[in-house]
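Here is the structure we will look at, set down as structure tokens.
Each chain gets a letter, A, B and so on, in the order the sequences are listed, and its residues count up from 1. Reckoned from all heavy atoms, side chains included, excluding hydrogens, waters and symmetry mates.
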2 protein chains.
Amino acid sequence: MNNPQSLAAPVSAGGISIAAVERDTGLGKDTLRVWERRYGFPQPLRDAFGERVYPTEQVEHLRLIKRLMDQGQRPGALLRQPIAELTERLAAGPSRAVADDTADWIVPLLKARDIDPLRAELAQRLARDGLERFVIETMPALNRRIGDGWMSGAIAIFEEHLYTELVQNQLRAAIHALGGRGTRPQILLTTVKDEEHILGLLMVEALLAANGAFALSLGAQTPIADIVGAARATNTDIVALSFSGAYPWRKSRDALIELRAALPARTELWAGGGGLAGRGRSVAGVRVIGALSDIAPTLAEWHAAHPRRSGH
Amino acid sequence: MNNPQSLAAPVSAGGISIAAVERDTGLGKDTLRVWERRYGFPQPLRDAFGERVYPTEQVEHLRLIKRLMDQGQRPGALLRQPIAELTERLAAGPSRAVADDTADWIVPLLKARDIDPLRAELAQRLARDGLERFVIETMPALNRRIGDGWMSGAIAIFEEHLYTELVQNQLRAAIHALGGRGTRPQILLTTVKDEEHILGLLMVEALLAANGAFALSLGAQTPIADIVGAARATNTDIVALSFSGAYPWRKSRDALIELRAALPARTELWAGGGGLAGRGRSVAGVRVIGALSDIAPTLAEWHAAHPRRSGH
DNA sequence: TCATAATATTGTCCTGGACAAAATAAGAAC
DNA sequence: GTTCTTATTTTGTCCAGGACAATATTATGA
């Protein structure tokens, strides 16, 4: 108690706790423990109380493994490979590549002390490319660049926050400017528990708005029962869910099944985001949106299937 | 694979699995099990494999308990109470009072199916009262009304989300419209770890903007080290922190002390929000902003103390 | 070549024990 | 009375190691 130094930080110094690893990688606590038991990796240190402390490099390694698993590879093999082999596989993987230097400008701008040029640059690109292209092409490139920068230590957390904040403002302003009102279809947009991912949500909202569909966003972390309640109350045509890549597929699937069962049959259920991308067969009654660029066509399909009737 | 019906649904029939309860209530698996062991509730059934199956009513009960806990009550007492007692407590709530009927209009508008009138009403009030008055007078009344409504069950969570979303959009748009750039003082605005409270942050940002000071908001949950890093990097004059009422005072004090020690002496440190209001003596070197209405005067003071020099 | 059965892999659940962190109550000092 | 310490209770999360259903992979036979 008198020695805050020794008390305060099981976190910062050597590594992070198992709960933090779960949050960061999307791998469950049980999974992490059973991997350690079976494969000998990860092999966290222990703090003074015998609790696992994962060094940053191992978390990095785990993140790499998670990425490969999302591509369809199986853990048994991956966990026995040395790390060099893994990066190699990742590079070989589907459609990596695409020399991404189109987004390189963001880093120096973030690093500069003055934020006005950054804000201006973002605004200008948005204006020049248009909302749709900005969201589908520019932003993913930027996000990836920022993510990489963060992992390699080139970008500090506050700089990532700053980026998120500025882009968010741009998107919100753009959506606001489109100023749509109660058109059909009526869309409810949200994420389930444990999903933060505000930016992804906003990207979808922007794309929908660009295509004349104005979603009602409930923000992140809406419990399933409340999603159902909201859909009922607002007479929603489509409930759209977004899952980030860190969300375990099993969980998203369960959530979708439960939600599908609880929603009225006439309400469509759409799901998308990195957590579902590439997942072979989907859940019955759920429309999986594989990529951002699929949103517009899917919306068009909906319109084709629901010809406009007079009245409201 | 051949019998999807029987396979798929440990979910629907009698109840739901522990993972589903965790997702729906936000109570961790470990917590659910330890409550069962200690207090005898919840008391799930078991399926053929010995796994817990929670009946819907118990999930409902758990959700009620969670709500009371969010209100500050402790589980030990709640878990021993019969369900009738709980609903009663919920209605009683903490220190209601203050006949606040100026904000009563929000509830029926939220309840109505159509969101356009709500959006319009908010926009109109903002335009009529001006940003400053809207933030200082209207919004706190609305927030309180919404909070009360939620606790008493009159307002569903999704309606609260909806309100937050709409107000947020209004504020952001207003700030954006003021469109200020790199003026002095340079302010860094954020909350520390574990603080969500986005709306409060945005209110402060709006007030500052209304007074010609454009804060750089880092969003919520910035680690202290990163706040310091950001302040250093951007040559910040003032770091402003917001603490919600739910944040324990002890923690905010510690955070402020730590931050004060780490920041350069020339950087001022301001702190405000419900978590600090009324707290007698403050931390040395920290300026406590008691109420939203104090922001403008405090800012004026800063300007008086820092007469404008030519150049920047 | 394709469907079906046998086998291997893998994630989640289980029990029951432990203990740090948070909240509260009790006491001391200004 | 109020603020600061110090004990005591409460409460959430972690641990180990066993088990087994769900899923993926391989072998087998028509």
DNA chain C: 5'-proximal contact among Pro75(A) and Glu51(A) (nearest heavy atom):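 Final value for this comparison: Pro75(A).
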In whole angstroms, how far is the [atom2] atom of [N] from the [atom1] atom of [X]?
X	N	atom1	atom2	answer
Lys66(B)	dT11(D)	NZ	P	16 Å
Gln73(B)	dA23(C)	CD	P	15 Å
Leu78(B)	dT10(D)	CG	P	14 Å
Lys29(B)	dG16(C)	NZ	C1'	19 Å
Asp254(A)	dA21(D)	CG	P	17 Å
Leu68(A)	dT10(C)	CG	P	14 Å
Arg46(A)	dC15(D)	CZ	C1'	8 Å
Leu27(A)	dG11(C)	CG	P	8 Å

OP1 or OP2 of dT15(C) under 4.0 Å from side-chain N/O of Arg52(B):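 Result: yes.
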Any Thr31(B) side-chain nitrogen or oxygen under 4.0 Å from OP1 or OP2 of dT13(D):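 Yes, within the criterion.
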I'd like to check the side chain to side chain donor-acceptor pair (under 3.5 Å) partners of [X]; sequence neighbours left out, ordered by chain and number.
X	value
Glu268(B)	Trp270(B)
Glu160(B)	none
Asn143(A)	Tyr163(A)

Any donor-acceptor pair under 3.5 Å from Arg287(A) side chain to Leu269(A) backbone: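 Between the backbone of Leu269(A) and the side chain of Arg287(A) there is no qualifying donor-acceptor contact (under 3.5 Å).
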Whether Thr267(B) side chain and Leu263(B) backbone form a donor-acceptor pair below 3.5 Å: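 Such a contact is absent between Thr267(B) side chain and Leu263(B) backbone.
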Residues forming a salt bridge (charged side-chain N to carboxylate O under 4.0 Å, His left out) with Glu60(A), sequence neighbours excluded: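 Testing Glu60(A) for salt bridge (charged side-chain N to carboxylate O under 4.0 Å, His left out), a comparison that skips the adjacent residues, returns Arg63(A).
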Contacts of type salt bridge (charged side-chain N to carboxylate O under 4.0 Å, His left out), residue Asp70(B), not counting sequence neighbours: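 Scan of Asp70(B) (salt bridge (charged side-chain N to carboxylate O under 4.0 Å, His left out), adjacent residues dropped) gives Lys66(B).
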Comparing Arg253(A) and Asp30(A) on DNA chain D - which has the more 5′ nearest nucleotide: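 The answer here is Asp30(A).
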Ala20(A) vs Phe49(B), nearer the 5' end of DNA chain D by closest nucleotide: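 The residue closer to the strand's 5' end, by nearest nucleotide, is Ala20(A).
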Only distances under 3.5 Å count here; give the side-chain donor-acceptor pairs of residues 21-37 of chain A to other protein atoms, sequence neighbours excluded, each with its distance to 0.1 Å.
residue  : atom : partner  : partner atom : Å
Glu22(A) : OE1  : Lys29(A) : NZ           : 3.0
Thr25(A) : OG1  : Val21(A) : O            : 2.8
Thr25(A) : OG1  : Leu27(A) : N            : 3.1
Glu36(A) : OE1  : Arg52(A) : NE           : 2.7

Nearest-nucleotide pick for Arg74(A), side chain only, options being dT13(D), dA23(C), dT9(C):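 The listed nucleotide nearest to Arg74(A)'s side chain is dT9(C).
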Degree of bending, the helix from dT1(C)-dA30(D) to dC30(C)-dG1(D) (end axes from five pairs; round to 10°):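 Computed angle between terminal axes is 30°.
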Selection: residues 35-43 of chain B, any non-hydrogen atom under 4.0 Å of DNA chain D: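 By residue number: Trp35(B), Arg38(B), Tyr39(B).
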Residues in ring-ring contact (aromatic ring centres under 6.0 Å, His included) contact with His61(B), at least two apart in sequence or another chain: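 ring-ring contact (aromatic ring centres under 6.0 Å, His included) check on His61(B) returns Phe41(B).
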